[in-house]
Amino acid sequence: AQSVTQPDIHITVSEGASLELRCNYSYGATPYLFWYVQSPGQGLQLLLKYFSGDTLVQGIKGFEAEFKRSQSSFNLRKPSVHWSDAAEYFCAVGARGNTPLVFGKGTRLSVIA
Amino acid sequence: DVKVTQSSRYLVKRTGEKVFLECVQDMDHENMFWYRQDPGLGLRLIYFSYDVKMKEKGDIPEGYSVSREKKERFSLILESASTNQTSMYLCASNPPRQGAGNEQFFGPGTRLTVL
């Protein structure tokens, strides 16, 4: 069975600074990988996804993520954070087949002036 | 655009009440899911369904049941609500051709408080 670890529970960054949120997964084959964002009191919105091909994927709102098979990682990055990026971020892994996504426990991002 | 709607954004119920949480999707998705979200625990899968009248237990099904009578609607039922079921409940659905290991589309969530 697949699993996901997000090592950072809470991260605080200054507005304009760069951001990297970590995600490590466990799965025996090539997984489907996702990053979702959740603003306070809202549902989850997909930021980006990796299925195959280019290991650097671009998403919405200026986010990108890189799949590194050797490190079993799929870290999310943004070069310059905006105050509106303050939210909770979830990494998820899916298997090839009819099984649900498995989510990490989330990383809460705070942005300070 | 895919739309997943949930019947209530906020709900307050009493201990012992029977509670229905409704979820509707408008894109003919075969797969539907119910999660609960609690601080520090992330999203935990309660039940999912691959088709009408089908259901599968997730990681934490105890105290919950589900109903899928129509393809577009997936209901979560708390037979006798308890205070430890106070949580945010999220519904999601999934396009049929990609299988359940693919992108899921989420509703806005229902914040349930059981007093």
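- For the atom pair CD (B/Gln37) and CG (A/Leu44), the distance works out to 6.5 Å, reported to the nearest 0.5 Å.
- Heavy atoms of other residues, nucleotides or ligands lying less than 6.0 angstrom from CD1 of A/Ile9 number 12 at most.
- Nearest heavy atom pair, residue A/Phe90 against residue B/Gly42, reads CE2-CA, 4.0 Å.
- Under the 4.5 Å side-chain heavy-atom criterion for Ile, Leu, Val, Met, Phe, Trp and Tyr, B/Tyr47 and B/Leu112 are members of the same hydrophobic cluster.
- Taking 4.5 Å as the heavy-atom cut-off, the residues of residues 103-113 of chain A that approach chain B are A/Phe103, A/Gly104, A/Lys105, ordered by number.
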Item to check | Derivation and outcome, side-chain contact (heavy atoms from CB on, under 4.5 Å), residues B/Leu45 and A/Leu101 | outcome: CA-CA 9 Å; B/Leu45 183 64; A/Leu101 295 184; over 6 Å; no
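- Transitive grouping of hydrophobic side chains (ILVMFWY, heavy atoms separated by less than 4.5 Å) keeps B/Leu76 and B/Val4 in distinct clusters.
- In terms of hydrophobic clustering, with Ile, Leu, Val, Met, Phe, Trp and Tyr side chains grouped at heavy-atom distances under 4.5 Å, A/Val102 and A/Val37 are assigned to a common cluster.
- For B/Arg44, the CZ atom counts as densely surrounded, since its 6.0 Å shell holds more than 12 non-hydrogen atoms of other residues, nucleotides or ligands.
- Put simply, B/Phe105 and B/Ile46 are part of two different groups of oily side chains (I, L, V, M, F, W, Y) that touch within less than 4.5 Å, one to the next.
- Only the side chain of B/Arg9 comes within contact range of chain A, with at least one heavy atom under 4.5 Å from a heavy atom of that chain.
- For a heavy-atom cut-off of 4.5 Å, chain B lies close to no residue in residues 11-21 of chain A.
- With a 4.5 Å cut-off on non-hydrogen atoms, B/Gln6 does not touch chain A at all.
- If you measure heavy-atom distances from A/Gln38 to chain B, the contacts under 4.5 Å come from the side chain alone.
- Only the side chain of B/Tyr35 comes within contact range of chain A, with heavy atoms under 4.5 Å apart.
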Checklist entry - Checking side-chain contact (heavy atoms from CB on, under 4.5 Å) for the pair B/Phe106/A/Gln45: CA distance, chi angles, key distance, verdict? => result CA-CA 7 Å; B/Phe106 283 83; A/Gln45 179 185 21; over 6 Å; no
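- Interface remark: A/Leu46 contributes side-chain atoms only to the contact with chain B (heavy atom separation under 4.5 Å).
- In the hydrophobic clustering of this structure, B/Leu78 does not group with B/Phe48; members are Ile, Leu, Val, Met, Phe, Trp, Tyr whose side-chain heavy atoms approach within less than 4.5 Å, directly or through other members.
- Side-chain atoms of A/Tyr36 come within 3.5 Å of backbone N or O of B/Gln104 as a donor-acceptor pair.
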